[in-house]
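Below is one structure, written out as structure tokens; the observations come after it.
Here is the naming used below: chain letters follow the sequence lines, and residue numbers restart at 1 for every chain. In this text the structure is predicted, and so the values were computed from the model without any measurement.
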Amino acid sequence: MKLGFSPADEAFRAECAAWLTAQMNGPFADIRGIPNLCDAIPRRKEWEQQLAAHQWSCIGWPEQWGGRNATLAQQVIFAEEYARAGAPNRINHIGVELAGPTILAFGTEQQKAQYLPGIAAGTAIWCQGYSEPGAGSDLANVKTKARLESGEWVVNGQKVWTSLAHYSDMIFVVARSEEGSKGPKGISFLLMDIDQPGIEVRPIRQMNGEAEFNETFLTDARCAGDAMLGARGDGWKVAMALLAFERGVSTLGQQMQFRNELDAVIDAARTHGKAADPVIRQRIAKAEIGLRLMRYGALRMLSGTDPAAIDGAALTYKIQWATWRRDLGELAMDVLGQAGEIADGDHDGWGPLPNMYLFSRSDTIYGGTNQIQRNLIAERGLGLPREPRGEL
Amino acid sequence: MEFAFTDEQVMIADTVRGFFAEHASSERTRAAMAASGTAAGIDRALWSSFASELGLAGVGLPEDHGGAGLGMVEFALVAEAAGSKVAAIPLLGLAMVGRGIAAGGSDAQKSQWLPRLAGGEVMAAAAWADGLRANDGRLSTTLNFVPHGGAADLLLVYGGDDAWLVDLKGDGVAVTTHVTMDQTRPLATIVLDGAAVEPLADGRAATMAALAAGWICLSAEALGGAQETLDRTVAYSRERVQFGRAIGSFQAYKHRLADMMVEIEQARSAVYWAACALDEGSEEATLALHAAKSFCADTYHMCAGNMIQLHGGIGFTWEHDAHLFFKRARSILTLLGDGQWHREQVARLIMGAAA
């Protein structure tokens with residue numbers, strides 16, 4: 001067990017810190033520190049491409065596909081320095097952290113050559129076509145249908161909560177390809193171009209006023225017959241493996257965003273005269289402790305070779321961070337007082353902390369609600385009997 | 001950077017878990033609980049085999065002075081295993097006094113005491129006191145709530161720039177063991193009336209090391225205890241049937257167990273982060289220790305309380321072990337600084353003192 005970084009790691013830190021700081025103080029100063037996901041989209045696409053041009057867009061990937069084969073320590077360092085420099089949230093998070101690793105794991109060589117370069121270059125932004133109106137927590141209940149027609153998949157159905165679909169180039173879709181199948185069997189994992197007549201994206205306004213997610217309608221939408229990961233009808237396995245990447249190295253970048261948010265709460269406590277309030281100090285200390293434990297939990301999850309130990313940290317990670325951030329949002333509003341309830345302009349003009357407070361109510365829902373997480377922890381982590389299921 | 005146990009650490013963990021599972025049975029712990037006077041709350045046979053047969057009492061103490069070397073990560077593995085069985089042994093005193101002497105003692109003091117502590121010949125306790133002054137090598141004061149003070153031979157008085165060793169069998173020492181809620185670590189009042197004391201060479205270093213070791217010990221015990229309450233409750237929930245189903249299949253029940261696991265996994269990160277930071281002399285070590293002590297104590301108390309609730313009536317009986325965990329958890333909450341105090345230390349580290 002060892003927490004310290006080697007001299008080579010520290011040299012790597014200096015290298016990426018220098019580059020990132022120069023970018024955020026220079027050509028990309030205009031998008032430094034922007035908090036939400038929907039602002040300055042064209043500039044953020046340019047930023048993805050700038051990262052790619054200097055081989056920083058997907059450092060954990062193999063060199064062959066534009067990465068650096070970065071070690072865990074290097075990925076930790078990059079995430080830390082990325083946030084320290086104030087670089088914005090990655091608009092291609094879903095491509096780099098979810099689609100890419102899944103294609104690396106399940107794709108043929110031809111598929112890798114077809115899809116990975118666009119992600120690495122920041123020219124193909126991806127989104128995730130999972131949830132449907134009737135398939136939320138019960139994802140295996142997807143009704144979107146795919147049929148093969150003259151060697152092409154033809155897809156009909158509706159996806160919902162499709163984050164960033166309105167800015168994306170590609171979407172991966174879980175669709176029922178086997179007529180009459182139910183549940184996890186008979187689902188295929190398809191890779192589709194968004195820009196086609198059969199796909200219509202309608203933004204949904206969220207309770208924080210902005211529209212980061214969408215409804216996505218597929219009406220005779222098409223993709224090639226081989227634009228599919230895994231075997232036909234066996235896509236559930238791929239879909240679940242992708243979710244495991246969500247708990248991977250990408251968590252480190254997310255934690256650095258949390259770090260910045262907690263620092264903003266501490267600053268707000270100072271400017272709002274709450275820094276000496278013993279109750280607020282207790283809550284800030286709790287938040288600090290929770291954030292540190294999140295970091296070391298993630299490092300255990302990513303360092304370990306003992307699958308049982310990794311499972312424990314990994315299974316509990318989602319509910320841990322989601323609950324932590326919801327609590328941080330409540331703390332932020334208590335620190336701000338009524339000033340936190342005043343928007344600048346319209347109902348999407350919230351400052352970063354009130355916006356985080358509102359947005360955090362989605363954290364305990366998307367990617368598996370806290371209640372679903374508890375079921376998973378109890379059934380997979382503790383081996384308890386499964387909840388009896390109704391008829392499909 | 002590799003935040004995972006080495007093969008050697010895994011081996012130590014397996015060994016100590018096996019040792020306490022075999023020897024620290026509920027029957028033996030309860031026999032120690034029922035004893036009084038200097039035998040109260042001590043399983044001497046367990047302590048003796050822990051120290052001499054396994055050589056585990058020397059973990060975390062320097063090899064030059066009869067210790068086993070290794071560090072606080074390895075010590076935490078030991079304390080976690082001991083805590084999981086609520087073992088009635090003076091591990092806290094050993095950790096605090098042994099590490100205190102190793103950090104602040106002269107070579108002569110280390111040679112004199114460390115081999116005997118590591119060998120289990122001497123049992124030690126530690127007591128915090130602030131602003132004391134010795135006169136001609138003698139100390140007069142009353143020390144309250146000293147864990148395992150009744151069983152100990154050697155006392156470390158620490159708490160500021162000075163620290164002293166006191167022979168508890170010597171003149172001018174009166175020890176009263178109290179009937180204590182956690183009967184596996186009874187608290188004693190020690191009155192020193194002109195008792196001969198020996199100052200440690202560097203009292204401040206001894207104080208800091210004793211506290212750090214104590215916080216690691218309590219955090220790791222809490223982690224082990226919390227995990228055990230979860231494991232035992234999971235086992236029970238799979239056997240116990242109501243409404244025609246194992247009660248562990250009900251969401252109201254299993255979600256509570258899941259919440260325990262979420263806290264325990266964080267407590268595990270806390271213990272080994274703090275222990276590793278301490279071993280590496282990291283600048284994060286102080287924050288990590290305060291985080292670990294407060295978080296692990298809260299986790300243990302929550303889990304032990306849930307254990308009682310989730311067992312129903314049987315969990316409230318004297319016969320069932322649930323109250324052993326609950327009472328140990330209660331005592332850890334307060335020992336060596338309560339959660340509010342530790343969190344205020346964290347607040348000071350990140351945002352300065354309250355103006």
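Both the backbone and the side chain of B/Ala270 have a heavy atom closer than 4.5 Å to some heavy atom of chain A. Of the atoms belonging to A/Glu379, it is side-chain heavy atoms, and not backbone ones, that fall under 4.5 Å from chain B. Contacts between A/Glu288 and chain B at a heavy-atom distance below 4.5 Å involve the side chain alone, from C-beta outward. With a 4.5 Å cut-off on non-hydrogen atoms, B/Gln9 touches chain A through its side chain but not through its backbone. The contact between A/Leu382 and chain B is made by backbone and side chain atoms together, counting heavy-atom distances below 4.5 Å. Heavy-atom distances place the side chain of A/Ile319, and not its backbone, under 4.5 Å from chain B.
When each of B/Leu287, B/Thr6, B/Ile264 is checked for heavy-atom pairs under 4.5 Å with chain A, B/Leu287 comes out on top. Comparing B/Glu284, B/Arg256, B/Met260 by how many heavy-atom pairs each has under 4.5 Å with chain A, the most go to B/Glu284.
Scanning all heavy atoms of the two residues, the minimum distance from A/Ile77 to A/Asp9 falls at CD1-O, 3.5 Å. Across all non-hydrogen atoms, the minimal contact from B/Ser249 to A/Pro385 is CB-CB, 3.7 Å.
From B/Tyr300, atom OH reaches atom CZ of B/Phe325 across 5.5 Å, with rounding to the nearest 0.5 Å.
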Problem - Derivation and outcome, ring-ring contact (aromatic ring centres under 6.0 Å, His included), residues B/His342 and B/Phe295 - result: CA-CA 9 Å; B/His342 283 285; B/Phe295 194 92; over 10 Å; no
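Under the rule for a side chain to side chain donor-acceptor pair (under 3.5 Å), the partners of A/Arg361 that lie at least two apart in sequence or sit in another chain are A/Glu330.
A salt bridge does not link A/Lys274 to A/Asp277: none of the charged nitrogens lies less than 4.0 Å from a carboxylate oxygen.
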